[in-house]
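Okay, so here's the structure we're looking at.
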Amino acid sequence: MNSLTSPRRPHVSPLPDGLRAESFAPTLDAEGAADARSAAHLRTTMHGFYGPWLTDEEVSRHTETFIADAQRQVGVYLDAESEEPGADARRRVGFSADHPVATFVEFDETLDAGGRGAEGPLLDARLITGVTVDPGFRRRGILSHLMTSSLARAVEDGVPLAALTASEGGIYGRFGFGAAVREAELRVDLAHTAGTRLQLRGEPSGQVISADPTAMGEVVDEVWAQFHRRVRGSVDRPLNYLRRATARWSPRDVTSWDRRLRAAVHVRDDGSVGGYVTFRHAGWETEPSTLEIADLVAADATSHVELWRHLSQRDLVARAELDGASVEDVLTAAAVNPRSVQVREVRDVLWVRLLDVVRCLQAREWGGDGVFTLWLSDPLGIADGVYRVEVSAGVAAVEPVTEQEAGQETAGPVLSTDVETLGSLYLGDAAVVTMQRAGRLSVADGAAASGGAGDAEGALRELSAIVDLPTRPFCATHF
Ligand SMILES: CC(C)(COP(=O)(O)OP(=O)(O)OC[C@H]1O[C@@H](n2cnc3c(N)ncnc32)[C@H](O)[C@@H]1OP(=O)(O)O)[C@@H](O)C(=O)NCCC(=O)NCCS
């Protein structure tokens, strides 16, 4: 390994014969209609996730936001003259040649890596989404081609990190992605008669007022901007979030207003807005009467708790459900009775793949100051190497070193791990000692390398104090 030249462009796995890949940006014509190739790409993607076949108008609405987010679509197409078995039948009953047999989408947003350095906590991230392969074309290496070529583009573009949300957990580790942020599904008891009804500690602060979601555009943007810079693990939101929060898009039909959406905002004592919540009533046929929280975003913990206090005091409802909450939502600790808040499920939400280790680690939050050496392996050869990390006043200086230099350095612990595991440590979701017990990393005492006695346990404690973070990360963005 030659750490001094990382990040390196990975080898791109070839596509099987008879297939070709095309990458393009979606467009709309003067009448607002999406071009045929990107419309077919979107419909195929939805099809892959068992979604409905979209109407032209739905395609246009989605495409407007894809253009605003500068998304690029990548499709894999069957050559027209393909003579593979079934080609004839495919021409008769299959989709038109515009339709890809595999889809892949990429765009850039920022990730809050939590760092306290001069560049702030936000790091550029290449987001990957819309990954589908037609069932008839699986396990031929199409995903491997799409993923390795996407990571190669990200390296060429100088993007330090790639991220995705995964519908299956077994696919992306091989490409160096580590599960980095988890989220919780909460069920909160609001029944006025129940002993477990949510009641919050402390005195109320400010007031919560009902809001017209269609008038909330500016508030949503302002609150989101503060949240995004406050919460480690947050990924900036694509435009569809604003459309949904302001009732422009209803959940099942993006061409119609969301007439059931309700909203409330928390107004602080100084008159500023500290957070918003949007929600719907599940319908009177649902027992017990339930509020489905669509989005709850706050600039600080006080507004977060006050929005929940407001929800807990509403009449006619006995339960609130929130799909994507922090695994450490302060709500449980703020509740008089912690059983008011039930965690129904915890699942991974964000996976990250470090490409430029120096930039990623320099943008990260650290638990404490100190020095250590990182020996990193990477099956795709992008980021492997040896790095010297020195954290001072919470900010890291990271430098690639040669193996010889690393051998001469004896100060601090020596961490050996792979890029997938580093992804899971990166935002503070996993602890060093957990990964060590799982056999996914080893920690040695640097002094042992030069013939000293070495204190492996001490080195593990020292490294944990530098790397581990006091809170778990959270990501309120699905993409
Ligand atoms: C998941 C999916 C994209 C894989 O595409 P594919 O072209 O068949 O994948 P490849 O042939 O390139 O396989 C690459 C590797 O991943 C493995 N793999 C593929 N799908 C996998 C899965 N669902 N679970 C575990 N491993 C998987 C393959 O065995 C192969 O391993 P190898 O390199 O050790 O041989 C495809 O099955 C699909 O479209 N699934 C439905 C939609 C979906 O789940 N998308 C993911 C959204 S996050």
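Keep in mind it's a predicted model, so treat the numbers as computed, not measured. Remember, it's 1-based here, ligands and their atoms both numbered in the order they're listed. Worth knowing before you read on, the calculation uses all heavy atoms, side chains too, and leaves out hydrogens, waters and symmetry mates.
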Check: Can the positive tip of R72 be found less than 6.0 Å from the middle of the six-membered ring of F24, inside 45° of the ring normal?
Finding: no
Nearest-option assignment for [atom], heavy atoms, candidates [options]:
{"atom": "atom 2 (C) of ligand 1", "options": "L15, V133, V76", "result": "V133"}
{"atom": "atom 23 (N) of ligand 1", "options": "M147, E168, H145, R140", "result": "E168"}
{"atom": "atom 10 (P) of ligand 1", "options": "S13, G170, G141", "result": "G141"}

Checklist line | Geometric N/O contact V131 with ligand 1, under 3.5 angstrom | finding: yes
Check: Polar-atom distance check: I171 versus ligand 1, any N or O pair below 3.5 Å?
Finding: no
Notebook entry, point to check: Is a side-chain donor-acceptor pair under 3.5 Å present for D329 with H304?
Noted result: yes
Notebook entry, point to check: Please state which protein non-hydrogen atom is closest to atom 40 (N) of ligand 1 and give its distance, to 0.1 Å?
Noted result: R138 NH2, 3.4 Å
May I ask you to identify, for [X], whether its side chain, its backbone, both or neither come under 4.0 Å of ligand 1 on a heavy-atom basis?
{"X": "W351", "answer": "neither"}
{"X": "R139", "answer": "both"}
{"X": "R174", "answer": "side chain"}

Check: Partners of D56 by side-chain hydrogen bond (donor to acceptor under 3.5 Å, both in side chains), sequence neighbours excluded?
Finding: R43
Notebook entry, point to check: Contact between T165 and ligand 1, counting heavy atoms under 4.0 Å?
Noted result: yes
Note to self: Enumerate the ring-ring contact (aromatic ring centres under 6.0 Å, His included) contacts for residues 219-249, please, sequence neighbours excluded, ordered by first and then second residue.
What the structure shows: H62-W249, W224-F227, W224-H228
Notebook entry, point to check: What do you reckon, is CD of E119 surrounded by more than 12 foreign heavy atoms closer than 6.0 Å?
Noted result: no
Check: Which atoms of ligand 1 have any heavy atom of Y172 under 4.0 Å away?
Finding: 46 (C), 47 (C), 48 (S)
Next item on the list: Assess whether salt bridge (charged side-chain N to carboxylate O under 4.0 Å, His left out) is satisfied between D378 and R8, documenting all intermediate values.
Entry: CA-CA 11 Å; D378 180 349; R8 285 169 230 96; over 6 Å; no
Check: Between R230 and D300, does at least one N-O distance fall below 4.0 Å, as a salt bridge requires?
Finding: no
